[in-house]
Amino acid sequence: MDLNAEQTRAAEFAGDDVLVLAGAGTGKTSTIVARVVHLTQSGVDPRRILLLTFTRRAAREMRHRLTQQIGSSAKTVPTGTFHNFCLQYLRRWPDLFECGSLTIIDRDDQLQLMKLARANVVGKDAAFPKSAELANYYSYARNTNRPVAEYLAEFTDHDEDGIKRISAVLQDYTKRKHECRYFDYDDILHLFARQLHRSRIVREKMQSRYDHILVDEMQDTNPLQWLILDGMRDPAKLFCVGDDAQSIYAFRGADFRNVHSFTERVSGAQVLKLEENYRSTQEILDLSNWLLDQSALGYDKHLRAARGPGIKPVMVELDGDFEEADWVASDLMQRHEEGDPWRDHMILTRSAWAARSVEAALIENDIPYRFIGGTQLLQSAHVKDLLSLLRVIDNPADQLAWMRYLTLWPRIGEKTAATTISKLLGMPNIKVISEFLTDQYRTNPRLAESIAECLTCWDRPSDVIGAATDKMTPLLEKKYDDWDRRSKDFKLLRRLALKHQSVGEFLETYTLDPITESEASNEDVDDLVTLITVHSAKGTEAPVCYLIGVQPGNYPHVRSIGDDEKEEEERRVLYVAMTRAQNELFLTGTRRSHGAYVPHHNRFYQSGGSNTQPYFLSDVPPELVQSDLDIDTDPFDAPITSFRG
DNA sequence: GTTACACATTTTTTT
DNA sequence: AATGTGTAAC
C-alpha cells in the first residue's frame, strides 16, 4: 500500500491519542487500514483493536480492505457501528447491563408507539406536535445527553405548559416501551453508556478489553457516543478520524465539539492533518472549495488535487423532473454503449423521495441499479405484515406486532384486537396464547394455525418464513392489488433468512442494519449504477457522479431556511455530494422553482423579488463550471437533411 | 359499537 | 406508498 508522508505519519503514530483531520478524498480509509496493519505488525493482538464506523457499509468496506492487506486475520479485528458494538455486549452480559430479552424496534415502530402515547395523554389536538416531532425531541435529547425538559426549553418555542405535556407523552412512551420489552435505537447506546459510567465492573471489563480504539467519521458522533468512547479509553488509545466540513448529522445530535474540543478533552492528544486529495480532479475540487469559501464559517479548507486537472463540472438545467430523469438515463445509456461499466456511475439525491422519477427512468430503460437509502425491504407494508407473525412468537409482549397481526384478519379491527391483546398479555407462553386464540376466533381458524405452524420449525428461520407465507398468502392477496409484485419479496426474505441462526437474530439484524429492496434483490449482480442519498454516500466515491435536484428549495432544503446552523449543514451536504466524484461531476436541476412556504420562518419565498429563496449556486462563477444546454434543441418536426447534400 | 372502504394528504437526512 | 379522515355498512 502506497501512503504519502502525511498518511504514514498518522498510520504509524506512536503517541497515545490522536485526532486525524482528513479532508474529503484524502485517503481516510486507507490510512485507518494502514494503521491497523501497522499495529498488528508491531505485535498488537488484532482482537484488541476496536474499529468503530458510522454505517454498516463503512464497516464492510473497512473489513474488505483489511482482508486484502492482512488476509483472514482481518476477521479477528472487531469492526462495527456503535449500535452494533454496544448491542453485542448487552447480549453477552445481560445481567451486568440489567437487561433481559428485548426486541429492537425501528423508527416506524417508535412512531407508532409514540402515537399511542400521544393519543393517551393529549387526545385529539391538531396543534400539539405530531408523533414524529415528539420522537425527534426524545431522540435528540437522549443523544445529546440532556433532560428532555431542558432541551425543549432551550431549543423550542413551547411554553411551560407545552413542555409539561410533551414530557408527559414521552414518559408514557417510555412506560409502553418497557411493557413491550422494546428497545429503540437510542436505548442501545444509552444503556451501554449508563452502565459504563455507573458500574465499576462494567467499566473495568471494557477498559481492559482493547488497546486501541479507532473511530471513523468522528465529526458525526454525538455526546452520547462520546460518553462511550470516553468511558472506554485510557489505557486504550484513541485514533479518531474526521472532517468538520463533512459534518451532516447535527439533526441527530452530532456534535462538532467532539472534533474541535478533542485536545481539551483528551489531555496530551495530538492533531494530524491529511490535506492531499487523491480522489478528484482539480476542477471538481475548485467548485467544492468555492462552495465552502462562500460560508461565513471559516472552514479554512482548500483541497488540492494530487491528480491534477481534468474536466469541469457540468451544470444542466431541465424543464421538469421527468426531463431530468430522462436526461440522466440517456446519458448513462450512451456511456454504457461506449464501453463504460454501469458500476462507474453514481446518482446522488438529497432525499429518497426526490429520486422517484430517476428510479422510474432507470427501470423503464432497463438500467441495472441499486438504491441505497431507498425503501427498505423490511419497511414495506406486506413484509411488515408477514414479520408481525414472527415477532409475536419471538416476543409475545410485542403489542405493536400483535395489533398488526390480528387486524389483518377479517372482522378484527382495532378495538377487538386491543381487547384480545390485553387478555393475552398475562399469559405465560406462546403455546397458551395460541390455544386461547384458537378458542377466541373460531371463525378465523387460520389465525392460530399460522402460529402453530411456525412453531413446528421455529429453529429454521427460512422454513418459518415459508410456513408463514403459505398461511398468510390468501389474506395478503386480498389486501394488496399489486400482490404479484409484492409476493416476490417473500422469496427473497426466505433466501436471506438462510444465513441466520434464529428468527430473533434474523429480525434483529435487519432492524439494526436495514437493507434496501434493490440491494437485496441484486445481491449477486455487481455491475450496477448506484442511486444513493447524499447522507448514505459519505465515504464512497465513483468516477462519474450525477447530483440530481440541484436547485433552489433543495440546497439549502426549504425546511432549513431561516436557521443559520441548519443552512450551513445543508451547504456541507452539497459539499459532501460534490466531493464524491472522481472524474466527472454533473449537477442537474429543474428551472421551475415555484418558491416555497417556509413554516419555520412563516414566510413565502420565491425566485426573484424581494425575499428571494436562498440557493447556494445562484452565483457560481461561470469559469468554474460548464453549462451544458446544447441538448438536442431541434424542433420535433424538422425535416431530415440528407447527407448527399 | 365496530369494521370496511373510499378519498384526501403528505413526503429531509439515519443508527 | 402509506398514512389520516370521514362515512356507509355490518
Side-chain angles (χ1 to χ4, degrees), chain A residues 52-59 80-87 104-108 110-112 115 119 124 126 130-133 135-136 139-140 142-143 183-190 192 217 220-222 224-225 228 247-254 348-356 359 372-376 379-385 406-419 478-482 485-486 508-514 516-517 532-538 549 553-561 566 569-570 572-574 576-577 599:
Chain A
L52 290 173
T53 61
F54 205 63
T55 61
R56 182 185 57 137
R57 284 174 353 90
T81 62
F82 276 91
H83 288 81
N84 233 310
F85 167 76
C86 293
L87 182 60
I104 309 292
I105 56 168
D106 62 12
R107 186 169 162 87
D108 270 7
Q110 208 183 100
L111 292 180
Q112 209 81 29
K115 210 169 8 180
K124 275 196 177 176
K130 298 270 169 292
S131 53
E133 199 175 347
N136 287 345
S139 178
Y140 193 91
R142 304 183 80 205
N143 275 293
F183 246 53
D184 60 30
Y185 289 140
D186 302 328
D187 285 325
I188 300 171
L189 299 188
H190 191 262
F192 184 91
E217 308 285 12
D220 288 327
T221 55
N222 56 42
L224 187 54
Q225 289 164 324
I228 292 170
S247 164
I248 55 175
Y249 282 98
F251 69 90
R252 203 173 91 185
L348 295 113
T349 174
R350 174 68 244 267
S351 66
W353 190 69
R356 74 202 181 288
E359 193 176 7
I372 297 169
T375 316
Q376 270 130 24
Q379 273 181 19
S380 37
H382 56 295
V383 174
K384 285 197 141 193
D385 290 341
L406 293 176
T407 54
L408 279 174
W409 301 86
R411 307 295 313 152
I412 302 177
E414 216 174 306
K415 297 283 172 174
T416 315
T419 322
K478 247 189 245 165
K479 182 173 172 186
Y480 300 103
D481 43 13
D482 53 349
R485 190 178 59 80
R486 289 174 185 261
E508 188 168 293
T509 303
Y510 295 109
T511 313
L512 210 53
D513 296 315
T516 65
E517 234 159 304
I532 192 168
T533 59
V534 180
H535 282 81
S536 311
K538 200 148 55 122
N554 266 350
Y555 296 100
H557 194 273
V558 277
R559 294 180 69 145
S560 70
I561 291 171
K566 284 188 180 168
E569 178 148 313
E570 295 293 309
R572 296 191 294 265
V573 173
L574 184 54
V576 168

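Bear in mind the structure is a predicted one, so any value in this text is a computation, not a measurement. In the text below, chain A, chain B and the rest are named by the order of the sequence lines, each starting its count at 1.
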Inset, instruction - List for me each residue that meets salt bridge (Lys or Arg N to Asp or Glu O under 4.0 Å) alongside Glu569(A), sequence neighbours excluded, and say none if there are none. - result: Arg572(A)

Legend entry - Under the side chain to side chain contact (heavy atoms under 4.5 Å, CB included) test, residues paired with Lys115(A) that sit two or more places apart: Gln112(A), Ser131(A)

Inset, instruction - Quickly work out the His382(A) NE2 to dT3(C) C1' distance and round it to whole Å. - result: 17 Å

Inset, instruction - Tell me, please, which residues at least two apart from Tyr555(A) pass side chain to side chain donor-acceptor pair (under 3.5 Å). - result: none

Inset, instruction - List for me each residue that meets side chain to side chain contact (heavy atoms under 4.5 Å, CB included) alongside Tyr140(A), sequence neighbours excluded, and say none if there are none. - result: Thr144(A), Tyr151(A)

Legend entry - Non-neighbouring partners of Ile412(A) that pass side chain to side chain contact (heavy atoms under 4.5 Å, CB included), sequence neighbours left out: Leu406(A), Trp409(A), Thr416(A), Ala417(A), Tyr441(A), Asn444(A), Leu447(A)

Inset, instruction - Name the nucleic acid region contacted by Arg356(A), choosing base, sugar-phosphate or nothing; use a 4.0 angstrom heavy-atom cut-off, strictly under. - result: nothing

Inset, instruction - Mark up nucleotides 4-10 of chain C, 5' to 3', with B wherever a protein heavy atom is under 4.0 angstrom from a base atom, S wherever such an atom reaches only the sugar-phosphate, and - elsewhere. - result: S------

Legend entry - Under 4.0 Å protein heavy-atom contact, by nucleotide of nucleotides 9-15 of chain B - B base, S sugar-phosphate only: --BBBBB

Legend entry - Nearest-angstrom distance from the residue atom NZ of Lys479(A) to P of dC5(B): 12 Å

Inset, instruction - Could you check how far CG of Leu111(A) sits from C1' of dA2(C), rounded to whole Å? - result: 13 Å

Inset, instruction - Assess whether atom NZ of Lys415(A) is packed by more than 12 heavy atoms of other residues, nucleotides or ligands within 6.0 Å. - result: no

Inset, instruction - Could you state the atom-to-atom distance from CD of Gln379(A) to C1' of dA1(C) in whole Å? - result: 12 Å

Inset, instruction - Only counting residues at least two apart or in another chain, list the ones meeting side chain to side chain contact (heavy atoms under 4.5 Å, CB included) with Glu414(A). - result: Met403(A)

Legend entry - Separation of atom CG in Leu408(A) from atom P in dA4(B), rounded to whole Å: 11 Å

Inset, instruction - Using salt bridge (Lys or Arg N to Asp or Glu O under 4.0 Å) as the criterion, list what pairs up with Arg356(A), not counting sequence neighbours. - result: Asp321(A)

